[in-house]
Visitor: 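Quick one: this structure, given as structure tokens, is what I'll be asking you about.
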Amino acid sequence: MTSLGMVVVHDTGLWNKSLFGTVHSDLARKAPAGWITGAFYAHQQDERSFINWILSEHKEFGSINFHSARKLRHGFTLLQRQTPLVVNR
């Protein structure tokens, strides 16, 4: 049987610039490479790259992203091997 454990990666979301406080503005100013667009900042690009690497190298995995553009959140992503659900018919 295939293991169905999950991998959870924190800090995979984007920050909406319109929701920035002073701390977020200061961080973005110190690390300008995090800007994905003029409106969205990736404060942890390595985590986002890790998710993309898993999905490209391990096709059996799927992901669900828990991100928000309406609240300033760090977001997280769930990864799990994809398998059909067993049905007893």
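Keep in mind the model is a prediction, meaning the values are calculated, not measured. Each residue takes its place number in the sequence, starting with 1.
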Visitor: In Å, rounded to the nearest 0.5 Å, how long is the span from OH of Y41 to CD1 of I36?
Guide: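 If I round to the nearest 0.5 Å, the distance is 9.5 Å.
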
Visitor: First locate atom CG of D26, then atom CZ of F20, and finally report the distance between them rounded to the nearest 0.5 Å.
Guide: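 So the CG of D26 and the CZ of F20 are separated by 10.5 Å.
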
Visitor: Not counting sequence neighbours, which residues clear ring pair (Phe, Tyr, Trp, His ring centres under 6.0 Å) with H10? List them please.
Guide: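 With neighbours one apart ignored, the set is H74.
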
Visitor: Identify all side-chain donor-acceptor contacts of residues 45-55 below 3.5 Å with residues at least two apart in sequence or on another chain.
Guide:
| unit_1 | atom_1 | unit_2 | atom_2 | d |
| --- | --- | --- | --- | --- |
| Q45 | NE2 | A33 | O | 2.7 |
| R48 | NH1 | T12 | O | 2.5 |
| S49 | OG | Q45 | O | 3.1 |

Visitor: State the CD-CZ distance between E60 and R81, to the nearest 0.5 angstrom.
Guide: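 These two atoms lie 5.5 Å from each other.
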
Visitor: For the CG atom of L27 and the OG1 atom of T22, what is their distance to the nearest 0.5 Å?
Guide: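 Here the interatomic distance stands at 12.5 Å.
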
Visitor: Quick one: closest heavy-atom pair of S63 and L79, and the distance?
Guide: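 Distance-wise, the nearest heavy atoms are CB-CD2, 3.6 Å.
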
Visitor: Using 0.5 Å steps for rounding, measure from the CG atom of N16 to the NE2 atom of H67.
Guide: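 Interatomic distance, N16 CG to H67 NE2, rounded to 0.5 Å: 14.0 Å.
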
Visitor: Check the hydrophobic clustering (I, L, V, M, F, W, Y; side-chain heavy atoms under 4.5 Å; chains of links allowed) and say if V23 and W15 are grouped together.
Guide: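 Hydrophobic grouping puts V23 apart from W15.
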
Visitor: Are any non-hydrogen side-chain atoms of R73 and F66 less than 4.5 angstrom apart?
Guide: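 In short, these two side chains do not touch, never coming nearer than 4.5 Å.
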
Visitor: Among the clusters formed by ILVMFWY side chains lying less than 4.5 Å apart, do I64 and V9 turn up in the same one?
Guide: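 I64 does not cluster with V9.
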
